[in-house]
Amino acid sequence: MRSSPRRLPALLLGTALVATVLGVGTIASATTDTHTGRDATTATTAHLGHTMAVSTQASGDDPDGDGYIPAVPQVTGVTPSTATPPTRYFHEFQANCSVTHTAPDDPIVYPGQPGKSHDHTFMGNTSTDANSTTASLTGGATTCKAPADASGYWMPSLYNGDRKILPVGPQTIYYKAGVTDYTSVRPFPKGLRFVVGNPMQTADEFRHHRGFVEGWECGDSYFNTDFPASCPSRADVQLNIRFQAPSCWDGKYLDTPDHKSHMAYPVVKPGTNDNMCPADHPVALPMIEFKMAFPVNGDMSQVRLASGRGYSFHYDFFNAWEDRTLKALVDHCIVGGLQCDARGYDQTHPEAGATLNSDYRLP
């Protein structure tokens with residue numbers, strides 16, 4: 001029988017992350033939920049677009065609906081690596097995945113509750129919806145270049161006025177080493193899922209988030225916490241964002257009630273500039289980085305996210321890679337200290353070869 005996990009502190013649960021469901025052309029005020037017409041204080045405890053609190057709905061992966069999904073088996077006996085391997089500037093590979101569909105669903109935050117979330121833009125697995133589970137995603141069709149990557153990737157949809165703006169073509173999702181000892185990185189466990197960022201964060205919180213890289217940028221404008229007022233009106237200019245995920249895992253849970261506590265960002269090793277995993281999250285996993293490009297420029301005054309202002313940006317990841325292929329890419333590119341494309345090929349080190357064949361499959 002499954003033991004009862006230690007619950008998260010009441011303060012954390014009481015201040016769960018919430019975002020408003022925004023209809024097309026709707027912006028929520030600070031005092032009133034324009035989706036429901038109710039006072040915002042009431043709305044935050046009722047129906048909003050992104051509540052990262054204790055799960056209230058059982059699912060195929062969480063039959064008791066308590067928000068904890070134990071890893072089977074759990075990873076124990078791991079000590080965060082303090083080693084410093086030979087310096088390699090790169091230790092990464094790419095998952096190039098295109099947009100599949102949009103929907104007001106979120107199988108992590110609102111499992112089994114279609115239509116309850118703000119609108120999301122999905123990439124990767126073509127079947128991802130409110131009812132997705134590890135079993136339903138595994139082996140599914142995907143828009144990622146590697147057919148073995150049936151993972152679900154999603155983010156709040158972006159609008160220009162009432163028009164939804166979708167990224168065109170394969171988007172870049174990096175899998176990197178977030179710790180100095182890149183040789184200690186191991187593959188994601190099947191079914192791991194988490195939310196990166198906070199849809200309720202302020203502009204300052206967004207700017208100082210551990211995942212912040214360059215913020216919103218277009219043309220020569222960088223480090224914007226909100227959308228720039230305008231971008232150069234040229235065919236080669238798009239709105240871009242890069243944002244990194246935590247890469248240290250507790251080894252115990254594939255998900256927790258706030259969809260974050262089982263993951264942590266690396267910490268600095270005392271007395272050095274090296275990064276290592278904290279003791280309570282000792283397992284080093286790949287660090288995902290979204291690098292998204294939206295085909296919009298010129299006047300940006302009407303650009304918004306389904307979750308609100310630009311600084312409400314966040315994203316979700318649900319791992320459904322085929323295990324052998326993910327391990328091969330992690331071992332060859334991250335542990336091997338290479339800068340790989342989606343085939344696991346580093347053009348600056350052709351002698352290392354590629355992990356996948358010309359069909360992006362493991363030989």
Side-chain angles (χ1 to χ4, degrees), residues 18-38 40 43 47-50 97-106 109-110 114-123 128-129 143 153-172 197-203 205-207 212 214-243 290-316:
V18 181
T20 307
V21 171
L22 298 178
V24 173
T26 301
I27 300 294
S29 71
T31 58
T32 303
D33 177 5
T34 56
H35 183 70
T36 63
R38 293 174 293 184
H47 170 70
L48 287 180
H50 221 302
C97 306
S98 301
V99 170
T100 59
H101 61 287
T102 64
D105 290 353
D106 191 321
V109 178
Y110 290 122
K116 194 169 185 180
S117 173
H118 54 241
D119 199 75
H120 283 112
T121 294
F122 292 87
M123 296 169 289
T128 311
D129 62 17
T143 59
Y153 307 89
W154 61 96
M155 58 190 170
S157 295
L158 184 137
Y159 293 86
N160 187 6
D162 292 342
R163 184 166 61 93
K164 195 177 298 184
I165 306 295
L166 302 180
V168 177
Q171 298 300 293
T172 302
N198 177 352
M200 290 298 290
Q201 64 207 351
T202 65
E205 289 169 337
F206 178 58
R207 177 64 183 86
F212 188 95
E214 294 177 350
W216 294 101
E217 62 91 9
C218 62
D220 295 324
S221 179
Y222 298 88
F223 298 106
N224 298 290
T225 56
D226 205 349
F227 302 117
S230 64
C231 293
S233 296
R234 301 197 315 263
D236 64 326
V237 173
Q238 297 192 77
L239 179 68
N240 295 272
I241 190 166
R242 296 173 60 187
F243 208 74
F290 267 32
K291 184 179 180 181
M292 303 288 111
F294 300 88
V296 61
N297 56 38
D299 178 12
M300 305 288 287
S301 62
Q302 300 301 308
V303 173
R304 61 181 176 85
L305 293 171
S307 54
R309 300 285 291 275
Y311 46 78
S312 72
F313 182 78
H314 57 287
Y315 62 87
D316 303 55

Who passes side-chain contact (heavy atoms from CB on, under 4.5 Å) against [X], sequence neighbours left out?
X    : answer
A293 : Q171, Q238, N240
T172 : Q94, N96, Y174, K291
D129 : D105, N131, S132
Q201 : N198, E205, F206, H209

Inset, instruction - Could you pull out all residues at least two apart from S312 that satisfy side-chain hydrogen bond (donor to acceptor under 3.5 Å, both in side chains)? - result: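 Counting only residues at least two positions away or on another chain, S312 forms a side-chain hydrogen bond (donor to acceptor under 3.5 Å, both in side chains) with S307.
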Inset, instruction - List in chain and number order the residues that pass side-chain hydrogen bond (donor to acceptor under 3.5 Å, both in side chains) with N224, two or more places apart in sequence or in another chain; answer none if no residue qualifies. - result: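 Result, side-chain hydrogen bond (donor to acceptor under 3.5 Å, both in side chains) vs N224: S221.
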Inset, instruction - Scan residues 293-303 for pairs that pass salt bridge (Lys or Arg N to Asp or Glu O under 4.0 Å), counting only residues two or more places apart or in two chains. - result: none
Legend entry - Summary of salt bridge (Lys or Arg N to Asp or Glu O under 4.0 Å) pairs that have at least one residue in residues 214-234, sequence neighbours excluded: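 Of all non-adjacent pairs touching residues 214-234, those that pass salt bridge (Lys or Arg N to Asp or Glu O under 4.0 Å) are E214-R242, D226-R309, R234-D236.
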Inset, instruction - State whether the side chain of H101 and the backbone N or O of T128 hold a donor-acceptor pair below 3.5 Å, judged by distance alone. - result: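 Yes, H101 side chain to T128 backbone: donor-acceptor pair under 3.5 Å.
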Inset, instruction - Say whether, by atom type as modelled, one donor and one acceptor occur between the side chain of D119 and the main chain of S157 under 3.5 angstrom. - result: no
Inset, instruction - Decide side-chain contact (heavy atoms from CB on, under 4.5 Å) for I165 and V303; before the verdict, give the C-alpha distance in whole Å, the side-chain angles of both, and the deciding distance to 0.1 Å. - result: CA-CA 9 Å; I165 306 295; V303 173; over 6 Å; no
Inset, instruction - Could you pull out the closest heavy-atom pair between N297 and P232, with the gap in Å? - result: CB-O, 3.3 Å
Inset, instruction - Name all residues meeting the ring pair (Phe, Tyr, Trp, His ring centres under 6.0 Å) criterion together with F294; count only those two or more places apart in sequence or in a different chain, and write none if there are none. - result: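 Per chain and number, F294 pairs via ring pair (Phe, Tyr, Trp, His ring centres under 6.0 Å) with no residue.
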Inset, instruction - For Y311, enumerate each residue passing the ring pair (Phe, Tyr, Trp, His ring centres under 6.0 Å) test, keeping only those at least two apart in sequence or located in another chain. - result: none
Legend entry - Test applied, ring pair (Phe, Tyr, Trp, His ring centres under 6.0 Å); reference residue, F290; option that passes from F243, W154, Y315: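 The ring pair (Phe, Tyr, Trp, His ring centres under 6.0 Å) with F290 is passed solely by Y315 among F243, W154, Y315.
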Inset, instruction - Determine whether P228 and L239 make a side-chain contact, defined as any pair of heavy atoms from C-beta on separated by less than 4.5 Å. - result: yes
Inset, instruction - Compare all side-chain heavy atoms of L166 with those of T121 and state whether any distance is below 4.5 angstrom. - result: yes
Legend entry - Interatomic distance, D316 atom CG to Y153 atom OH [nearest 0.5 angstrom]: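 Reported to 0.5 Å precision, the distance equals 13.0 Å.
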Inset, instruction - Kindly assign one of parallel, tilted or perpendicular to the pair H120 and F122, based on the angle between their ring planes and the thresholds 30° and 60°. - result: perpendicular
